[in-house]
Visitor: 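Questions regarding the structure given below will be posed in turn.
Just so you know, residue 1 is the first one in the sequence shown, and it goes up from there. Scope of the values below: all heavy atoms of this structure, side chains included, with no hydrogens, waters or symmetry mates.
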Amino acid sequence: MSCLHHLSPLHNWEVGATIVPILQMGKLRPHRTGPATQICMTSKLLSPLILQRGFWVWASESREPACIPQSQDSALCEGSPDLPVSFSPNLLSLSFVRTGVTQLKAGSFLRIPSLHLLFIEDNEIGSISKNALRGLRSLTHLSLANNHLEALPRFLFRGLETLTHVDLRGNPFQCDCRVLWLLQWMPTVNASVGTGACAGPAALSHMQLRHLDPETFKCRAIELSWFQTVGESALSVEPFSYEGEPHIVLAQPFAGRCLILSWDYSLQRFRPEEELPAPSVVSCKPLVLGPSLFVLAARLWGGSQLWARPSPGLRLAPTQTLAPRRLLRPNDAELLWLEGQPCFVVADASKAGSTTLLCRDGPGFYPHQSLHAWHRDTDAEALELDGRPHLLLASASQRPVLFHWTGGRFERRTDIPEAEDVYATRHFQAGGDVFLCLTRYIGDSMVMRWDGSMFRLLQQLPSRGAHVFQPLLIARDQLAILGSDFAFSQVLRLEPDKGLLEPLQELGPPALVAPRAFAHITMAGRRFLFAACFKGPTQIYQHHEIDLSA
């Protein structure tokens, strides 16, 4: 007989009670001898008994790991291949260390809901289900230190309202969008959180997570995916709201009409609501004045017309032929407000015609001013600069010219340098600045910024047969779409930090065939992009926001 003494200085634990289940497995019998426990055994049984973390633990010849109940309400599992499932539901403390477990699955601790202390340390855990800690509503201390976690799932700590200490140190966190929710969560809780340092990317390596600024993370992505096709080709697309309902009107020259679309709530699609006969139409411009709806139909031949609906429930009807001697070959029409009155400006591409400003006078719209005669204007853009109305005209014969409103008329202010062969112009505002998108069919389309006296070149973008470079503010994103007759149309997004438009995605499939205009509309909480095409059907895309931090 050989005797081995184990003194019990460790935290005053009841050593005999602790090791009884293990000793019984090996048919050993402990004897309590005051402050120490004397274990007697034959020399044959001495070999399998090892000292582990201050406890005598029975280990078989295969060295199987062990879970040690330290007391009635605490346990230590070391080297276990799986999470424990057989402990008392009243267990208050569990330590799970130095194991080969690589993941924590959903509901891993549902059998021990009373846990207050949970230490899962020095393991090889690389992934955790967002529901792994579900049910631990009394948990106050949690440690996931020294594992192989590159990220934690969002909502991992949901329902753990009693947490006071969280230790995440010693994990190789990748400090990208996956940790954003964690950075946003930490200031919102009363728990002290030890997070450690970033393992990557290289630019953030070794930086403490608590020093990261959540505002620097760009974790929203957007995508435009195909939603619906409207069969006929179109040259313009315009959104408007009438009686609280959003609508779209398309100028369809080959079908010879202005087509008004509305939302079908039962089919969850856009459907035709009303059409206005308008052969050779190039632009259908809506105007809502109280209960009245007007639509200007600018036509290449047969005269431009004004249609009107005096009140809801009535159909639109033609009411006026607009400036038949001045508007010989319209190419574009825009709505603007001058001194509180609505006006239309129609750009005329005929050498014998002239761009005309038509303002409301009584029941109709009549010529107020002729602009830029003999220059074959292709596009008009109304904008505000320095608190005053301005008008920008693009033409086939010279650089775009900027007019400003003064004394009840538009007067020439300046032209735009370095901007030859510009087919169309569109503007947008961002960060207090006014930007201009200039469309060029051959060469580079351009982005310019107003400096207080003129527009200065900011950016050039290669064009392949572009007739439209359309800025659009959709949700929180300032986009611009550069159409192409020979390649995919490009969606770009303004990056505020750089002040430049950066590529976002190509539109399609289906591919756009000779796009001429874009517009967006919000309907039933969903956002849609309309793309009017000259040689193909109008395509409708849906705008989706993607959270990369999820």
Visitor: Donor-acceptor check, side chain of E150 to backbone of G126, threshold 3.5 angstrom: yes or no?
Guide: no
Visitor: What heavy-atom pair brings F173 and L168 nearest, and what distance separates the two atoms?
Guide: CE1-O, 3.5 Å
Visitor: Supply the atom-to-atom distance K285 NZ to F240 CZ, rounded to the nearest 0.5 angstrom.
Guide: 12.0 Å
Visitor: Can you check ring pair (Phe, Tyr, Trp, His ring centres under 6.0 Å) on F157 and W185, steps first, answer last?
Guide: CA-CA 9 Å; F157 305 124; W185 172 79; 4.5 Å; yes
Visitor: Tell me if a side-chain donor or acceptor on S205 pairs with a main-chain N or O of G200 at a distance below 3.5 Å.
Guide: no
Visitor: Give the minimum heavy-atom separation between L204 and C175, together with the two atoms involved.
Guide: CD1-O, 3.4 Å
Visitor: Could you check whether D386 pairs with R388 (Lys NZ or Arg NE/NH1/NH2 to Asp/Glu carboxylate O, under 4.0 Å)?
Guide: no
Visitor: If you measure only the distance, is there a donor-acceptor pair under 3.5 Å linking the side chains of S549 and R154?
Guide: yes
Visitor: What is the distance from atom CZ of F469 to atom CG of L492, rounded to the nearest 0.5 Å?
Guide: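 Rounded to the nearest 0.5 Å, the CZ-CG separation comes out at 6.0 Å.
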Visitor: Please tell me whether H427 and E384 have a donor and an acceptor in their side chains that are separated by less than 3.5 angstrom.
Guide: no
Visitor: If I compare all heavy atoms of A308 with all of T319, which pair ends up nearest, and what's the gap?
Guide: CB-CG2, 3.6 Å
Visitor: Would F365 and F344 count as a close aromatic pair, with their ring centres under 6.0 Å?
Guide: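 Close enough - the centres of the two rings lie under 6.0 Å apart.
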Visitor: With heavy-atom distances below 4.5 Å as the criterion, would you say the side chains of F428 and L472 are in contact?
Guide: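 Sidechains of L472 and F428: no contact.
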Visitor: Are the side chains of V237 and F518 in touch, meaning some heavy atoms are under 4.5 Å apart?
Guide: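 The answer is no, as the side chains (C-beta and beyond) never meet within the 4.5 Å cut-off.
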Visitor: Can you tell me if Q341 uses its side chain to pair, donor with acceptor, with the backbone of L338 under 3.5 Å?
Guide: no
Visitor: Give a yes or no answer on whether the side chain of H467 reaches the backbone of Y423 with a donor-acceptor pair at less than 3.5 Å.
Guide: no
Visitor: Charged N to carboxylate O below 4.0 Å: is that the case for R309 and E243?
Guide: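 E243 and R309: not salt-bridged.
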Visitor: Can you confirm whether E418 is buried at CD, in the sense that more than 12 heavy atoms of other residues, nucleotides or ligands lie under 6.0 Å from that atom?
Guide: no
Visitor: Salt bridge check: are R257 and E232 linked by an N-O gap of less than 4.0 Å?
Guide: yes
Visitor: Any side-chain heavy atom of V282 within less than 4.5 Å of one from N331?
Guide: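 No, too far: nothing below the 4.5 Å cut-off.
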Visitor: Taking disulfide bond (SG atoms under 2.5 Å apart) as the test, write out the residues that go with C533, two or more places apart.
Guide: none
Visitor: Please answer whether the main-chain N or O of F270 pairs with a side-chain N or O of Q228 as donor and acceptor at a distance below 3.5 Å.
Guide: yes
Visitor: With a 4.0 Å cut-off, would you call R493 and E495 a salt bridge?
Guide: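 Yes, charged N to carboxylate O under 4.0 Å.
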Visitor: According to the salt bridge (Lys or Arg N to Asp or Glu O under 4.0 Å) rule, which pairs have a member within residues 342-358, sequence neighbours left out?
Guide: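 Residue pairs passing salt bridge (Lys or Arg N to Asp or Glu O under 4.0 Å), neighbours aside: none found.
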Visitor: Pairing donors with acceptors under 3.5 angstrom, does anything connect the side chains of T229 and W226?
Guide: yes
Visitor: Please test Q369 against L371 for side chain to side chain contact (heavy atoms under 4.5 Å, CB included), starting from the C-alpha separation and ending with a verdict.
Guide: CA-CA 6 Å; Q369 182 182 1; L371 292 159; 3.4 Å; yes
Visitor: L316 vs E274, test: side chain to side chain contact (heavy atoms under 4.5 Å, CB included). Steps then yes/no.
Guide: CA-CA 8 Å; L316 285 157; E274 190 172 355; 3.5 Å; yes
Visitor: So that I can tick it off, tell me whether K218 and D497 are bridged by a salt bridge, with the cut-off set at under 4.0 angstrom between side-chain N and carboxylate O.
Guide: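 Yes, this pair counts.
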Visitor: Can a donor-acceptor pair be found, under 3.5 Å and without considering hydrogens, that links the side chain of D213 to the backbone of E215?
Guide: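 Confirmed, D213 side chain pairs with E215 backbone.
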Visitor: For the aromatic rings, using the six-membered ring if either is Trp, is the centroid distance between F530 and F227 under 6.0 Å?
Guide: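 No - the distance between ring centres of F530 and F227 does not fall below the 6.0 Å cut-off.
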Visitor: Is there side-chain contact between L457 and V447, with heavy atoms separated by less than 4.5 Å?
Guide: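 No, every pair of side-chain atoms sits at 4.5 Å or beyond.
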Visitor: Would you confirm whether S445, through its side chain, and L461, through its main-chain N or O, come within 3.5 Å as a donor-acceptor pair?
Guide: no
Visitor: Tell me if the aromatic rings of W263 and F528 count as close, with their centers under 6.0 Å from one another.
Guide: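 That pair passes the under 6.0 Å test.
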Visitor: Do R326 and S370 have side-chain N/O donor and acceptor atoms under 3.5 Å apart?
Guide: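 On atom types as modelled, these side chains qualify, holding a pair under 3.5 Å.
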Visitor: Determine the minimum heavy-atom distance between F486 and S484, stating which atoms define it.
Guide: N-OG, 3.1 Å
Visitor: Using 4.0 Å as the upper bound for N to carboxylate O, is an ion pair formed by D421 and R399?
Guide: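 Looking at D421 together with R399, the answer is no, because their closest N to O distance does not fall below 4.0 Å.
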Visitor: Going by the side chain to side chain donor-acceptor pair (under 3.5 Å) test, which pairs reach into residues 354-366, not counting sequence neighbours?
Guide: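 Qualifying pairs: T355-D377.
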Visitor: Are D264 and R269 close enough for a salt bridge, meaning some N to O gap below 4.0 Å?
Guide: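 No, D264 and R269 are not salt-bridged.
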Visitor: Testing the 3.5 Å rule here: is there a donor-acceptor pair between the side chains of Q490 and E506?
Guide: yes
Visitor: Is the side chain of W405 donor-acceptor paired with the backbone N or O of L391 at a distance under 3.5 Å, no angle test?
Guide: no
Visitor: At their closest point, which heavy atom of G408 faces which heavy atom of H368, and how far apart are they?
Guide: O-NE2, 2.9 Å
Visitor: Salt bridge or not for D332 and R516, using N-O below 4.0 Å?
Guide: no
Visitor: Does this structure show an ion pair linking R527 with E545, if we count only N-O contacts that are shorter than 4.0 Å?
Guide: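 So R527 pairs with E545 through a salt bridge.
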Visitor: With L327, which of V346, T321, L300 fulfils side-chain contact (heavy atoms from CB on, under 4.5 Å)?
Guide: V346
Visitor: Donor-acceptor pair, H247 side chain versus E245 backbone, under 3.5 Å?
Guide: yes
Visitor: Heavy atoms only: give me the nearest Q459-L501 pair and the separation to one decimal.
Guide: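 In this case the closest contact between Q459 and L501 is NE2-O, 2.7 Å.
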Visitor: Output yes when a side-chain donor or acceptor of D415 lies under 3.5 Å from a complementary backbone atom of V401, and no otherwise.
Guide: no
